[in-house]
Colleague: 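This structure is in structure tokens; I'll ask about it shortly.
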2 protein chains.
Amino acid sequence: MGDSPVDINKNLDPLLFKALSEPNRIAILKQLVECCKPCSVTELNECCPIDISVVSRHLAVLRDAGIVEAKKKGKEVYYSICHLELVETLRSIADAIETCCSNDQSASNSSGCKTG
Amino acid sequence: MGDSPVDINKNLDPLLFKALSEPNRIAILKQLVECCKPCSVTELNECCPIDISVVSRHLAVLRDAGIVEAKKKGKEVYYSICHLELVETLRSIADAIETCCSNDQSASNSSGCKTG
DNA sequence: ATTATAATTGCATAGTGACGCAATCGTGCA
DNA sequence: TGCACGATTGCGTCACTATGCAATTATAAT
């Protein structure tokens with residue numbers, strides 16, 4: 001229970017999407033995806049024309065959402081994307097929606113889609 | 001060009017995530033996913049304790065993001081989830097992230113991940 | 001110890017979004 | 001045509017969020 005492969009409630013989390021709903025955060029994320037290596041705040045600041053303090057705050061939002069992780073190295077903090085977890089989460093959501101919605105009405109709820 | 005399977009820029013759209021970043025919109029979406037049939041605004045209003053005008057507005061946001069579609073039938077408007085498109089979009093994003101991030105630095109950009 | 005650099009945090013401000021109520025629009029029915 | 005019902009839109013309010021600047025913290029180098 002609660003661990004079904006189609007647990008919509010577990011994965012459809014507004015917090016995750018809220019973190020991804022800001023254009024500058026998406027720009028930062030794209031930068032991280034394309035670099036495929038940890039980047040410092042200063043490096044990530046190059047992709048968006050905002051104050052570095054704002055970049056730092058955006059990274060904190062992404063970190064709190066579990067989208068990126070931070071590793072301190074000397075004076076700098078290197079952020080990297082949690083790509084394995086992120087990819088799995090996105091696929092889980094897709095699977096859950098697909099499983100639920102591929103039922104026609106007659107099959108109703110045999111696949112375990114239900115509100116908590 | 002621009003149609004590569006790993007086109008991050010096409011799929012990582014803040015508009016989509018913004019539409020999914022509001023708890024009541026997620027509640028509405030869950031309702032639609034679990035019902036797996038078109039629902040009227042009044043029906044969808046049952047899942048969240050807000051004014052029906054707000055539900056209507058939320059549905060408009062979801063519609064503008066391509067997440068749901070509306071079909072008028074008499075006095076009522078029936079909303080249904082665009083599950084095929086949504087599932088494909090989510091999987092495209094997952095694929096793009098996975099493809100980009102599974103490159104180690106030496107392989108760099110042979111897979112076509114690049115900013116527009 | 002002092003200085004320099006990277007990152008974060010405090011604070012004030014401006015912009016955005018959710019919300020409820022009331023008014024309006026669209027459709028069906030008597 | 002007039003009425004009822006479902007949905008949408010206008011508008012004012014409240015809360016939240018993004019932003020920039022300044023101050024602070026943390027680490028490295030002189």
Side-chain angles (χ1 to χ4, degrees), chain A residues 9 12-33 35 37-82, chain B residues 9 12-33 35 37-82:
Chain A
N9 295 300
L12 262 189
D13 179 15
L15 264 303
L16 170 68
F17 297 120
K18 192 184 280 282
L20 298 173
S21 69
E22 215 283 324
N24 283 319
R25 283 199 288 270
I26 292 293
I28 291 169
L29 204 60
K30 282 181 183 172
Q31 182 89 348
L32 281 172
V33 169
C35 279
K37 61 172 177 56
C39 296
S40 68
V41 180
T42 301
E43 285 171 342
L44 291 170
N45 191 196
E46 291 167 11
C47 72
C48 39
I50 53 179
D51 195 86
I52 195 171
S53 68
V54 181
V55 175
S56 177
R57 263 184 263 259
H58 280 318
L59 285 165
V61 172
L62 292 171
R63 181 166 42 77
D64 292 345
I67 298 171
V68 303
E69 65 176 359
K71 274 198 166 46
K72 197 154 194 178
K73 190 176 183 182
K75 276 183 299 186
E76 294 166 358
V77 176
Y78 284 89
Y79 286 86
S80 54
I81 193 170
C82 303
Chain B
N9 295 300
L12 263 189
D13 179 14
L15 264 302
L16 170 68
F17 297 119
K18 193 183 282 279
L20 298 174
S21 70
E22 214 285 323
N24 283 320
R25 283 199 288 271
I26 293 293
I28 292 169
L29 205 60
K30 282 180 183 174
Q31 182 91 347
L32 281 171
V33 168
C35 277
K37 61 173 178 50
C39 296
S40 68
V41 180
T42 300
E43 286 171 340
L44 291 170
N45 192 193
E46 292 166 13
C47 73
C48 39
I50 53 178
D51 195 86
I52 194 170
S53 67
V54 181
V55 175
S56 177
R57 260 184 265 258
H58 281 318
L59 286 164
V61 171
L62 292 171
R63 181 167 41 78
D64 292 346
I67 298 171
V68 304
E69 65 177 358
K71 274 199 166 46
K72 199 157 194 176
K73 190 177 182 183
K75 278 183 299 187
E76 295 167 358
V77 177
Y78 284 88
Y79 286 86
S80 53
I81 192 170
C82 305

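Here is the naming used below: chain letters follow the sequence lines, and residue numbers restart at 1 for every chain.
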Colleague: Ignoring backbone atoms, test whether R57(B) places a side-chain nitrogen or oxygen under 4.0 Å from the OP1 or OP2 oxygen of dG17(C).
Modeller: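 For R57(B), the contact criterion (side-chain N or O under 4.0 Å from OP1 or OP2 of dG17(C)) is not met.
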Colleague: Return the minimal non-hydrogen interatomic distance between A65(B) and L15(B), and the atom names on each side.
Modeller: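 Of all heavy-atom pairs spanning A65(B) and L15(B), the closest is CB-O, 4.2 Å.
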Colleague: Hey, does the side chain of T42(A) come within less than 4.0 Å of dA7(C)'s phosphate (OP1/OP2), counting only N and O?
Modeller: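 Yes, because at least one side-chain N or O of T42(A) sits under 4.0 Å from OP1 or OP2 of dA7(C).
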Colleague: Atom NZ of K72(A) to atom P of dT5(C): distance rounded to whole Å?
Modeller: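 In whole Å, dT5(C) P and K72(A) NZ are 18 Å from each other.
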Colleague: So for S53(B) and dC19(C), does any side-chain atom that can act as donor or acceptor lie under 3.5 Å from a complementary atom in the base?
Modeller: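 Per atom types, no contact qualifies.
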Colleague: Side chains of L16(A) and F17(B), heavy atoms from C-beta outward: is any pair under 4.5 Å?
Modeller: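 They are not in side-chain contact.
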Colleague: Calculate the interatomic distance between K71(B) atom NZ and dG6(D) atom C1'; express it in whole Å.
Modeller: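 Distance check: K71(B) NZ to dG6(D) C1' gives 19 Å.
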Colleague: Would you name the heavy atoms of R63(A) and A70(A) that are closest together and state the gap between them?
Modeller: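 Closest heavy-atom pair between R63(A) and A70(A): CD-CB, 4.0 Å.
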Colleague: Which nucleotide sits closest to the side chain of K75(B): dG26(C), dA7(C), dA18(C)?
Modeller: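 Out of dG26(C), dA7(C), dA18(C), the nucleotide with an atom closest to K75(B)'s side chain is dG26(C).
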Colleague: Tell me the interatomic distance from D64(B), atom CG, to dT8(D), atom C1', rounded to whole angstroms.
Modeller: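 In whole Å, dT8(D) C1' lies 13 Å from D64(B) CG.
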Colleague: Starting at CG of L62(B) and ending at P of dT8(D), how long is that distance when rounded to a whole Å?
Modeller: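 It is 12 Å, rounded to the nearest whole Å.
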Colleague: When you get a sec, tell me which of dG20(C), dT8(C), dT8(D) is the closest nucleotide to the side chain of V54(B)?
Modeller: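 Closest nucleotide among those given: dG20(C).
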Colleague: Find the distance D51(A):CG to dT9(C):P and express it as a whole number of Å.
Modeller: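 Rounding to the nearest Å, CG of D51(A) and P of dT9(C) are 14 Å apart.
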Colleague: Please determine, for the side chain of S40(A), which listed nucleotide (dT8(C), dA7(C), dG6(D)) has the closest atom?
Modeller: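 Of the candidates, dA7(C) comes closest.
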Colleague: Figure out the CD/P separation between E22(A) and dG17(C), and round it to whole Å.
Modeller: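 Atom CD in E22(A) sits about 11 Å away from atom P in dG17(C).
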Colleague: So, OP1 or OP2 of dG6(D): does either fall under 4.0 Å of a side-chain N or O from N45(B)?
Modeller: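 N45(B) to dG6(D) OP1/OP2: no side-chain N or O under 4.0 Å.
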Colleague: With a 4.0 Å cut-off on heavy atoms, is Y79(B) in touch with a base, just the backbone sugar-phosphate, or nothing at all?
Modeller: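 Result for Y79(B) = sugar-phosphate.
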Colleague: Tell me which one of I50(B), L44(B), V68(B), N45(B) satisfies side-chain contact (heavy atoms from CB on, under 4.5 Å) with I28(B).
Modeller: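 Running side-chain contact (heavy atoms from CB on, under 4.5 Å) over I50(B), L44(B), V68(B), N45(B) with I28(B) returns exactly one hit, L44(B).
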Colleague: Which pair of heavy atoms, one from R25(A) and one from K18(A), lies closest together, and at what distance?
Modeller: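 Looking at all heavy atoms of both residues, the closest pair is NH2-O, 3.2 Å.
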Colleague: Using only side-chain N and O atoms of H58(A), determine if any of them is under 4.0 Å from OP1 or OP2 of dT17(D).
Modeller: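 Checking H58(A) against dT17(D): no side-chain N or O falls below 4.0 Å of OP1 or OP2.
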Colleague: So what does K18(B) touch, heavy atoms closer than 4.0 Å: a base, only the sugar-phosphate, or nothing?
Modeller: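 Result for K18(B) = sugar-phosphate.
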Colleague: Can you tell me how far P of dT16(C) sits from CG of N24(A), to the nearest Å?
Modeller: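 In whole Å, dT16(C) P lies 13 Å from N24(A) CG.
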Colleague: Which comes earlier along DNA chain D counting from the 5' end, the contact point of R63(B) or that of I52(A), where each point is its nearest nucleotide?
Modeller: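 Nearer the 5' end of the strand: R63(B).
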Colleague: Would you indicate what V77(A) reaches in the nucleic acid, counting non-hydrogen atoms under 4.0 angstrom: base, sugar-phosphate, or nothing?
Modeller: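 Sugar-phosphate contact only - V77(A) comes under 4.0 Å of backbone atoms but never of a base.
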Colleague: Mind calculating the distance between CD1 (I28(A)) and P (dA7(C)) to the nearest angstrom?
Modeller: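 Whole-Å distance recorded here is 12 Å.
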